[in-house]
S.K.: 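Got a structure for you, questions after.
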Amino acid sequence: MVLHRDFFQRDTVLVAKDLLGKKLIRKINNKKCTGIIIETEAYRASDDPASHARIRKTKRNRMMFEEVGHAYVYFTYGMYHCLNVVARNKKFNAGAVLVRGVYPQLGLDMMSKLRNNTKIQNLTNGPGKLTQALDITLQDNGNDLTKYSSLYIANGIKIKKIHKKTRIGISRGTDKKWNFSIDPHDYF
DNA sequence: GACACGATTGGCT
DNA sequence: GCCAATCGTGTCC
């Protein structure tokens with residue numbers, strides 16, 4: 001079952017936690033590739049110095065200000081894409097959750113090919129890796145993830161324990177513990 | 001118009 | 001653990 005829009009109409013930090021265990025579904029040439037979300041990070045608005053949306057709306061970050069439940073994909077380091085889900089409550093004008101890792105379930109052969117035959121353990125355990133494995137690019141920016149299409153999010157598994165720490169790869173906003181993850185060992 | 005740098009990764013020491 | 005690869009974007013002059 002695909003997630004409802006209301007799910008994303010809540011505080012970005014809360015949505016980041018609740019996305020753990022949900023299923024990310026990608027259809028490539030009519031073939032289904034799926035993974036369970038195991039790591040996320042919240043990026044909010046003017047209150048968050050690490051967020052792309054900390055200053056104002058720009059060409060790149062504009063999706064963070066648009067309707068919740070849509071994808072915000074950006075290109076970084078000259079070679080990688082990162083997948084975010086737009087989420088915020090009414091208190092903020094922007095916000096998104098970065099999907100940093102999924103546990104691969106279906107379509108391992110397809111993902112492996114797209115990742116140049118990297119072994120399973122390193123297939124989708126990073127923001128740049130999972131977009132490569134699922135062929136997610138700027139073409140997917142703005143995609144409605146609450147509708148059945150070539151990219152959407154559905155209910156997944158029940159979560160036991162959530163790990164919480166500071167976000168990865170940022171130089172500002174290091175006081176906020178907005179990185180959330182689950183241990184795949186506990187479920188798979 | 002120029003330029004510094006990044007919500008990363010893989011390879012090498 | 002360290003560092004190069006690689007280029008679009010945002011900020012500043």
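Residue numbers begin at 1 in each chain, while the letters A, B, ... track the order of the sequences.
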S.K.: When you check the gap from the basic side-chain N to the acidic O, do A:R10 and A:D18 get nearer than 4.0 Å?
M.R.: yes
S.K.: Using chain A heavy atoms and a threshold of under 4.0 Å, write down where along DNA chain B the contacts begin and end, 5' to 3'.
M.R.: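 For DNA chain B, the relevant span reads B:dG6 to B:dG10.
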S.K.: Count the heavy atoms belonging to other residues, nucleotides or ligands that lie under 6.0 Å from NZ of A:K158, then report whether that count exceeds 12.
M.R.: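 Check fails, neighbour count at 12 or below.
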S.K.: Quick one: do A:F7 and A:V99 end up in the same hydrophobic cluster if we chain Ile, Leu, Val, Met, Phe, Trp and Tyr together by side-chain heavy atoms under 4.5 Å apart?
M.R.: yes
S.K.: Which residues, ordered by chain and number, are linked to A:M79 in its hydrophobic cluster, where ILVMFWY side chains connect at heavy-atom gaps below 4.5 Å, directly or through other members?
M.R.: A:Y77, A:Y80
S.K.: Would you sketch DNA chain B in dot-bracket for me? Only Watson-Crick or G-U wobble pairs with both distances under 3.5 Å count, crossing pairs as [ ], other-strand pairs as |, the rest as dots.
M.R.: ||||||.|||||.
S.K.: Quick check: on DNA chain B, is the nucleotide nearest A:Q132 upstream (toward 5') of the one nearest A:G169, or the reverse? Name the residue that is more 5'.
M.R.: A:G169
S.K.: Run A:D140 and A:R26 through salt bridge (Lys or Arg N to Asp or Glu O under 4.0 Å) and show every step you take.
M.R.: CA-CA 11 Å; A:D140 301 293; A:R26 171 60 148 179; 3.1 Å; yes
S.K.: Contact class for A:R115 vs. all strands (heavy atom < 4.0 Å): base, sugar-phosphate, or nothing?
M.R.: sugar-phosphate
S.K.: Counting only heavy atoms from other residues, nucleotides and ligands, does the tally under 6.0 Å from CG of A:D186 exceed 12?
M.R.: yes
S.K.: Look at atom CG of A:D175 and say whether more than 12 heavy atoms of other residues, nucleotides or ligands are closer to it than 6.0 Å.
M.R.: yes
S.K.: Considering only heavy atoms, which members of residues 82-106 of chain A lie under 4.0 Å from some atom of DNA chain B?
M.R.: A:N84, A:L98, A:R100
S.K.: Can we say A:E41 and A:R167 salt-bridge, meaning some charged N sits less than 4.0 Å from an Asp/Glu carboxylate O?
M.R.: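 A salt bridge is absent here (no side-chain N lies under 4.0 Å from a carboxylate O).
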S.K.: Run the salt bridge (Lys or Arg N to Asp or Glu O under 4.0 Å) test on A:R5 and A:D144 for me, step by step, so that the C-alpha distance in whole Å, both residues' side-chain angles and the decisive distance to 0.1 Å come before the verdict.
M.R.: CA-CA 10 Å; A:R5 181 103 39 217; A:D144 189 351; 2.9 Å; yes
S.K.: Kindly check if the number of other-residue, nucleotide or ligand heavy atoms within 6.0 Å of CD1 (A:I168) is above 12?
M.R.: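 Counting other residues, nucleotides and ligands, CD1 of A:I168 exceeds 12 neighbours.
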S.K.: What's the shortest heavy-atom distance between A:Y148 and A:V2, and which atoms?
M.R.: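 Answer, listing the atom of A:Y148 first, then A:V2: OH-N, 3.4 Å.
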S.K.: Before accepting this row, confirm whether a basic side-chain N of the pair A:D47/A:R54 lies closer than 4.0 Å to the acidic partner's carboxylate O.
M.R.: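 The answer is no: the pair does not qualify as a salt bridge.
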S.K.: On a whole-Å scale, what distance lies between the P atoms belonging to C:dT6 and B:dA2?
M.R.: 23 Å
S.K.: Do nucleotides 7-13 of chain C as a string where each nucleotide becomes B, S or -: B if the base has a protein heavy atom under 4.0 Å, S if just the sugar-phosphate does, - if no protein is that close.
M.R.: BSSSS--
S.K.: By nearest heavy atom, map A:T118 and A:R172 onto DNA chain B; which one lands nearer the 5' end?
M.R.: A:R172
S.K.: Please table the atom pairs, donor to acceptor, closer than 3.5 Å between any side-chain atom in residues 62-72 of chain A and protein atoms at least two apart or in another chain.
M.R.:
unit_1: A:E67; atom_1: OE1; unit_2: A:H70; atom_2: NE2; d: 3.0
unit_1: A:H70; atom_1: ND1; unit_2: A:G142; atom_2: O; d: 2.8
unit_1: A:Y72; atom_1: OH; unit_2: A:H52; atom_2: ND1; d: 2.8

